[in-house]
Amino acid sequence: MPEQPYEPEGVIAGTGMGGAMDLGASEATTLEKGPGAPPGGAPAGRPRSLWSDAWRDLRRNPVFLLSALVILFLVFISLWPSAIAPGSPLSCDLAKSQDGPGPGAPFGYDGQGCNVYTRTVYGARTSVTVGVLATLGVAVLGSVLGGLAGYFGGWWDGLLSRTTDIFFAIPVVLGGLVLLSVVTSNTVWPVIGFMVLLGWPQISRIARGSVITARQHDYVQAARALGASDSRILLRHIAPNAVAPVIVVATIALGTYISLEATLSYLGVGLKPPSVSWGIDISAASPYIRNAPHALLWPSGALAVTVLAFIMLGDAVRDALDPKLR
């Protein structure tokens with residue numbers, strides 16, 4: 001008669017104090033896995049990535065939450081300004097010139113009799129549009145050029161380095177006065193193009209340094225040893241690990257581009273009337289600062305809050321993405 005396999009009904013487990021206790025088979029398996037182990041022998045939890053850790057830190061950062069709320073509000077009024085601002089920003093009445101706050105005009109009227117509140121709300125659309133599009137253009141162009149130079153090196157890296165040195169030598173405001181003074185277009189595209197032209201060298205330097213650091217890691221050397229192509233190494237291994245510094249710099253630069261657009265519009269070489277811009281309103285209200293300070297303070301305050309919100313957002317993202325600051 002064949003011998004039947006032995007199936008124990010209980011297992012003797014040590015208590016750790018010289019004694020023993022009788023456990024059932026299922027209880028012994030649970031004890032072997034540990035109290036926190038999930039069924040089936042699966043790992044207790046998946047390791048968190050840099051991005052998941054960063055998002056967890058950002059959700060707990062009051063600076064990030066406050067700046068994100070301000071930016072979301074700016075995006076909302078940029079898309080639907082008529083939802084909170086009555087009338088048209090181009091509708092003016094000289095009979096109300098420099099009048100103070102009143103019904104339908106909580107910020108008063110400017111020197112041309114325009115509703116300061118309506119123009120301040122509509123001015124957010126121009127500032128956010130210029131800032132976002134300029135930042136996207138700068139980030140894409142600078143990341144591609146700097147990433148390729150950092151990965152391949154050689155003559156391309158040397159050429160890019162000398163080219164960026166030339167662009168860094170050009171004063172931004174002076175360059176805008178020279179280049180934009182000959183442009184007759186009244187749209188935002190010349191201003192955006194100028195910012196991309198002079199802004200990409202900074203991002204390219206950041207991207208180049210990040211790629212040079214990432215390409216020296218062991219996982220890149222392993223992928224190259226396994227026969228991975230340059231495009232696969234760049235897109236699958238280097239880019240995800242080198243993009244964090246670019247995101248931080250681009251986020252902070254977005255507020256700078258909004259301020260630069262207002263500066264150029266104030267000097268008369270950026271956007272021009274009848275476009276609605278905080279820089280145009282600040283320039284128009286400057287001669288009347290004694291008689292109608294409200295016409296200057298409100299668009300100036302909106303510009304300052306917007307720039308501050310994006311700078312605070314960039315600082316919070318930098319702190320979350322930099323492991324050395326944890």
Please report the C-alpha distance between Asp281 and Trp298 in whole Å, then the side-chain angles of each, then the deciding distance to 0.1 Å, and finally whether the side chain to side chain contact (heavy atoms under 4.5 Å, CB included) criterion is met.
CA-CA 10 Å; Asp281 290 348; Trp298 286 110; over 6 Å; no
Do Asn115 and Pro89 make a side-chain contact, defined as non-hydrogen atoms from C-beta onward lying under 4.5 Å apart?
no
Just how far is it from atom OG1 of Thr256 to atom CD1 of Ile311, taken to the nearest 0.5 Å?
5.5 Å
Flag the pair Leu174 / Ile170 as yes when at least one side-chain heavy-atom distance between them is below 4.5 Å, and no otherwise.
no
Quick one: side-chain hydrogen bond (donor to acceptor under 3.5 Å, both in side chains) partners of Gln221, sequence neighbours excluded?
Arg224
Rounded at 0.5 Å granularity, tell me how far CG in Leu303 sits from CH2 in Trp278.
6.5 Å
Tyr288 atom OH, neighbour heavy-atom count above 12 within 6.0 Å
no
Side chain to side chain contact (heavy atoms under 4.5 Å, CB included) between Ile77 and Arg125: does it pass, once the steps are laid out?
CA-CA 7 Å; Ile77 64 176; Arg125 170 182 292 179; over 6 Å; no
Nearest heavy-atom neighbours spanning Leu296 and Ser286:
CD1-OG, 4.3 Å
Measuring only between side-chain heavy atoms, which start at C-beta, is Leu160 closer than 4.5 Å to Trp155?
no
Any heavy-atom pair between the side chains of His217 and Ile238 that's under 4.5 Å?
no
Salt bridge (Lys or Arg N to Asp or Glu O under 4.0 Å) partners of Asp157, counting only residues at least two apart
Arg208
Closest non-hydrogen atom pair, Val246 against Ser143
CG1-OG, 3.4 Å
Walk me through whether Leu264 and Leu180 qualify under side chain to side chain contact (heavy atoms under 4.5 Å, CB included).
CA-CA 9 Å; Leu264 295 175; Leu180 294 178; 3.7 Å; yes
Connected to Leu297, directly or through other members, by ILVMFWY side-chain contacts below 4.5 Å are none
Determine, using the 4.5 Å side-chain heavy-atom cutoff (strictly less than), whether Leu141 and Leu260 are members of one ILVMFWY cluster.
yes
Just by distance, with hydrogens left out, do Glu261 and Ser277 show a side-chain donor and acceptor under 3.5 Å apart?
yes
Sorted by chain and residue number, the side-chain hydrogen bond (donor to acceptor under 3.5 Å, both in side chains) partners of Ser231 (sequence neighbours excluded) come out as Ser229
Are Ile71 and Leu69 linked, directly or through other ILVMFWY residues, by side chains that come within less than 4.5 angstrom of each other?
no
Does the pair Met312 and Asp315 meet the rule for a side chain to side chain contact (heavy atoms under 4.5 Å, CB included), with working shown?
CA-CA 5 Å; Met312 291 170 56; Asp315 289 340; 5.6 Å; no
Going only through I, L, V, M, F, W and Y residues with side-chain contacts under 4.5 Å, is there a path from Leu136 to Ile203?
yes
State, with a plain yes or no, whether a side-chain heavy atom of Arg318 is found less than 4.5 Å away from one of Thr251.
no
Can you tell me how far apart CG (Leu254) and CG (Leu313) are? Round to the nearest 0.5 Å.
9.0 Å
Tell me, yes or no, whether the heavy-atom count around Ile289 atom CD1, taken from other residues, nucleotides or ligands under 6.0 Å, exceeds 12.
no
Can you see which heavy atom on Ala85 is nearest to which on Tyr117, and at what distance?
CA-CE2, 3.8 Å
Donor + acceptor pair across side chains of Asp230, Tyr151 (<3.5 Å)
yes
Mind checking what makes side-chain hydrogen bond (donor to acceptor under 3.5 Å, both in side chains) contact with Ser127, not counting sequence neighbours?
none
State the OG-CG distance between Ser265 and Leu271, to the nearest 0.5 angstrom.
4.0 Å
CD/Gln98: more than 12 non-hydrogen atoms of other groups inside 6.0 Å:
yes
So, do Asp319 and Asp57 sit near enough that their side-chain heavy atoms are less than 4.5 Å apart?
no
Output all residues satisfying salt bridge (Lys or Arg N to Asp or Glu O under 4.0 Å) with Arg205, sequence neighbours left out; order by chain, then residue number.
Asp165
For the atom pair CZ (Arg215) and CG (Asn241), what is the distance rounded to the nearest 0.5 Å?
15.0 Å
All heavy atoms of Ser204 vs all of Thr164, minimum pair found to be OG-CG2, 3.5 Å
Between Ala223 and Ile233 the two heavy atoms that sit nearest each other are CB-CG1, 4.3 Å
Less than 4.5 Å apart, side chain to side chain, heavy atoms only: is that true for Pro299 and Phe107?
no
Using every non-hydrogen atom in the two residues, find where Val116 and Tyr109 come nearest and quote the distance to one decimal.
CG2-C, 3.6 Å
Value for CD1 (Ile252) from OH (Tyr257), rounded to nearest 0.5 Å, stands at 11.5 Å
Identify the residue among Val305, Leu79, Val128 that makes a side-chain contact (heavy atoms from CB on, under 4.5 Å) with Leu74.
Val128
Should we say atom CH2 of Trp200 is surrounded by more than 12 heavy atoms from elsewhere, each under 6.0 Å from it?
yes
Any side-chain heavy-atom pair from Asn61 and Leu65 closer than 4.5 angstrom?
no
